[in-house]
Asker: 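I have a structure I would like to understand better, so I am pasting it below and will then ask my questions one at a time.
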Number of protein chains: 2
Amino acid sequence: MARLTGLVDWSKGYAVAVSDAQPVTRRTGGVARGRIDKRQKILDAAFAVFAREGYAQAGVDAIAAEAGVAKATVYNHFHDKETLLRAAIAASADQALTENLAVVEQLTERGESLRATLETVGIRLIQCYCREQSWALRRLLAAEITQFPDLLEIVQGRATERITEALADRMARLMIAGRLRAGDPRVAAEQFLALLTGPVEIRARLGTRQIPESERRDVARAAVDTFLQAYAVERPASG
Amino acid sequence: MARLTGLVDWSKGYAVAVSDAQPVTRRTGGVARGRIDKRQKILDAAFAVFAREGYAQAGVDAIAAEAGVAKATVYNHFHDKETLLRAAIAASADQALTENLAVVEQLTERGESLRATLETVGIRLIQCYCREQSWALRRLLAAEITQFPDLLEIVQGRATERITEALADRMARLMIAGRLRAGDPRVAAEQFLALLTGPVEIRARLGTRQIPESERRDVARAAVDTFLQAYAVERPASG
DNA sequence: AACTAACTAGACCAGTAAGTCTAGATAAAT
DNA sequence: ATTTATCTAGACTTACTGGTCTAGTTAGTT
């Protein structure tokens with residue numbers, strides 16, 4: 001009866017299910033994971049369908065079909081539709097986080113001009129922000145936040161907050177290195193991100209419009225201009 | 001059979017239904033509107049329930065109950081659940097727009113210091129942005145945009161876009177008046193808004209956290225600082 | 001007072017979807 | 001070859017809800 005002989009309470013245990021609830025098979029052998037990649041397939045399909053139709057509208061049948069899997073298999077991996085939602089969102093947030101962190105890491109104090117570095121990082125951050133998956137994640141989160149308030153922690157703890165913090169770290173390094181005027185690195189990070197994503201937000205229309213490459217570059221350049229005018233130590237030759 | 005003897009196709013006519021589909025009673029008399037304020041009650045209730053539960057989850061019964069009205073009455077005013085959603089969102093967007101425009105209008109070239117004016121306007125804009133209804137509207141829009149793409153035009157045409165444009169107008173005036181460095185007023189408007197709402201967005205956690213008054217003031221001040229350092233004509237005495 | 005349009009309460013139908021269950025297929029490990 | 005865990009297809013139960021309809025009520029207008 002009990003599927004795990006009572007080792008863990010799975011009824012609400014999304015914290016476990018979310019991170020790595022590997023089915024038993026995975027651990028039995030050495031090479032292992034006979035066809036447990038189905039789990040990932042289900043997660044991907046679930047995210048896609050949830051994003052497209054919304055939680056309430058999304059049918060588990062549809063998710064199973066999109067994953068190329070039987071409905072029972074879905075319930076084999078995830079106890080609940082709700083659990084599935086949390087897992088899918090967590091997985092997507094993790095993915096978005098690593099992408100963003102990789103970009104933030106490129107913001108070092110050494111290297112050519114600070115302006116050029118900021119612009120490159122800016123363009124890449126905008127790229128991340130404009131991924132279809134990113135838009136879907138933000139939309140889905142906004143949609144279901146009132147029904148499942150804990151989604152906020154699942155995502156915020158994995159994405160927005162951590163990215164801002166990582167960027168703040170870099171800003172602090174730049175300030176210490178004398179490349180940026182001293183100030184609150186957290187505010188600097190927030191404002192840099194705001195200058196990048198704010199204009200994008202308006203122009204992208206919640207992700208329904210694809211912003212052309214050139215426009216994204218313009219936004220990044222304008223953002224860096226404004227940012228540097230406020231935070232650069234020596235004034236760049238203007239005009 | 002046809003409720004309006006075929007004058008208008010009501011089956012999908014949200015453009016009409018949205019703006020002012022007043023029931024006949026309203027026009028029969030002079031003083032009129034016997035109890036047609038029910039329409040507003042329904043709209044308010046619908047927005048509240050849609051925002052709380054999401055479109056798919058929201059039951060028309062629940063909306064009727066919250067409006068203090070029979071279900072049939074809802075269908076008397078609005079042909080469809082879908083029509084009701086559009087109408088409710090449009091009404092809410094209209095309201096948000098007028099509030100925001102009233103604030104933007106306060107940004108004139110005369111008056112004490114430009115910095116003080118910008119700060120006041122900034123604080124008020126943040127206030128508008130943080131209204132529970134504003135958050136609900138943005139969340140709801142994000143939630144249903146994939147299902148009802150036309151919602152975007154209903155809202156964007158009434159809110160975001162118009163506000164940005166109005167602000168850009170003011171920026172242009174300030175540039176012409178020599179109070180701001182000449183440049184693209186549209187970009188200035190976007191960046192000013194971004195500097196205000198970006199940090200608020202992160203801190204408010206999709207509207208689930210109430211930002212204290214002092215924190216909002218800090219954000220506005222920081223935004224104005226950065227903005228003026230980039231756009232002021234003469235450098236403000238720093239330090 | 002008579003008329004009329006909007007309202008109410010509640011029954012009702014039809015469609016849909018979460019979650020369970022059964023019986024059988026597949027494939028890794030011993 | 002046998003065992004064991006997962007998988008599949010699909011029927012099934014249960015519950016909910018959009019929209020309609022009916023019968024009767026309320027209140028403004030003439």
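Naming: A, B, ... by sequence-line order, numbering from 1 per chain.
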Asker: Considering only NZ, NE, NH1 and NH2 on the basic side and carboxylate oxygens on the acidic side, decide whether A/R186 and A/E165 come within less than 4.0 Å.
Answerer: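 Yes.
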Asker: Measuring from the side chain of A/K71 (C-beta onward, heavy atoms only), which nucleotide among C/dC7, C/dG19, D/dG18 has the closest atom?
Answerer: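 Closest nucleotide to the A/K71 side chain: C/dG19.
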Asker: Ignoring the backbone of A/D80, work out which of D/dC7, C/dC7, C/dG19 is nearest its side chain.
Answerer: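 Nearest nucleotide to the side chain: C/dG19.
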Asker: Rounded to whole Å, please give me the gap between OH in B/Y75 and P in C/dA5.
Answerer: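 Spelled out: OH on B/Y75 to P on C/dA5 is 24 Å.
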Asker: To the nearest Å, give me how far apart CG (B/L84) and C1' (D/dT17) are.
Answerer: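 So the two atoms are 15 Å apart, to the nearest Å.
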Asker: Taking the minimum atom-to-atom distance to the side chain of B/V60, which one of C/dC7, C/dT8, D/dG18 wins?
Answerer: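 Nearest to the side chain of B/V60 among the choices is D/dG18.
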Asker: Between B/Q191 and A/A222 (side chain of the first, backbone of the second, donor and acceptor by atom type, cut-off under 3.5 Å), is there such a pair?
Answerer: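 Answer holds: yes.
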Asker: Donor-acceptor check, side chain of A/R216 to backbone of A/V200, threshold 3.5 angstrom: yes or no?
Answerer: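 Pair absent, no side-chain N/O of A/R216 close to backbone of A/V200.
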Asker: Mapping A/Y55 and B/A70 to their closest nucleotides on DNA chain C, which lands nearer the 5' end?
Answerer: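 So the residue in question is B/A70.
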Asker: Ignoring hydrogens and geometry beyond distance, is a side-chain donor-acceptor pair present between B/E201 and B/Y129 at under 3.5 Å?
Answerer: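 Side-chain D/A pair, B/E201 to B/Y129: present.
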Asker: What is the distance, to the nearest angstrom, from the CD1 atom on B/I63 to the C1' atom on D/dC16?
Answerer: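 Spelled out: CD1 on B/I63 to C1' on D/dC16 is 15 Å.
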Asker: Between atom CG in B/L85 and atom P in D/dG18, what is the gap in whole Å?
Answerer: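 Result: 12 Å.
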Asker: Any side-chain to backbone donor/acceptor pair from B/R139 onto B/L206? Under 3.5 Å, distance only.
Answerer: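 Judged by distance alone, yes, a pair lies under 3.5 Å.
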Asker: What integer distance in Å separates A/F78:CZ from C/dA18:C1'?
Answerer: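 Taking CZ of A/F78 and C1' of C/dA18, I get 17 Å after rounding.
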Asker: Round to the nearest Å and state the distance from B/D61 atom CG to D/dT20 atom P.
Answerer: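 From B/D61 CG to D/dT20 P: 14 Å.
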Asker: So if I take every side-chain heavy atom of A/V69 and compare against D/dT8, D/dG19, D/dC21, which nucleotide ends up nearest?
Answerer: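 It is D/dT8.
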Asker: Could you check whether A/E99 pairs with A/R131 (Lys NZ or Arg NE/NH1/NH2 to Asp/Glu carboxylate O, under 4.0 Å)?
Answerer: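 Salt bridge: yes.
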Asker: Would you mind telling me which of D/dA9, C/dA6, D/dG18 lies closest to the side-chain atoms of B/N76?
Answerer: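 So the side chain of B/N76 is nearest to C/dA6.
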Asker: I need the NE2-P distance between B/H77 and D/dG18, as an integer number of Å.
Answerer: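 Atom NE2 in B/H77 sits about 18 Å away from atom P in D/dG18.
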Asker: Do the side-chain N or O atoms of A/H79 get closer than 4.0 angstrom to the phosphate oxygens (OP1, OP2) of C/dG19?
Answerer: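 No, because none of the side-chain N or O atoms of A/H79 sits under 4.0 Å from OP1 or OP2 of C/dG19.
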Asker: Rounded to 10°, tell me the angle between the two end axes of the helix from C/dA1-D/dT30 to C/dT30-D/dA1, each built from five pairs.
Answerer: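 The angle, to the nearest 10 degrees, is 20°.
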Asker: Hey, does the side chain of B/K38 come within less than 4.0 Å of C/dT8's phosphate (OP1/OP2), counting only N and O?
Answerer: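 Affirmative; the distance criterion is met.
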Asker: Does A/A58 reach a base, just sugar-phosphate, or nothing at all? Heavy atoms under 4.0 Å.
Answerer: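 Answer is sugar-phosphate: A/A58 comes under 4.0 Å of backbone atoms only.
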Asker: Between P on D/dC16 and NZ on B/K81, what's the gap in Å once rounded to a whole number?
Answerer: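 One finds 15 Å between P of D/dC16 and NZ of B/K81, rounded.
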Asker: Do A/Q106 and A/R124 get their side chains close enough for a donor-acceptor pair, meaning under 3.5 Å?
Answerer: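 A/Q106 vs A/R124: donor-acceptor pair found between side chains.
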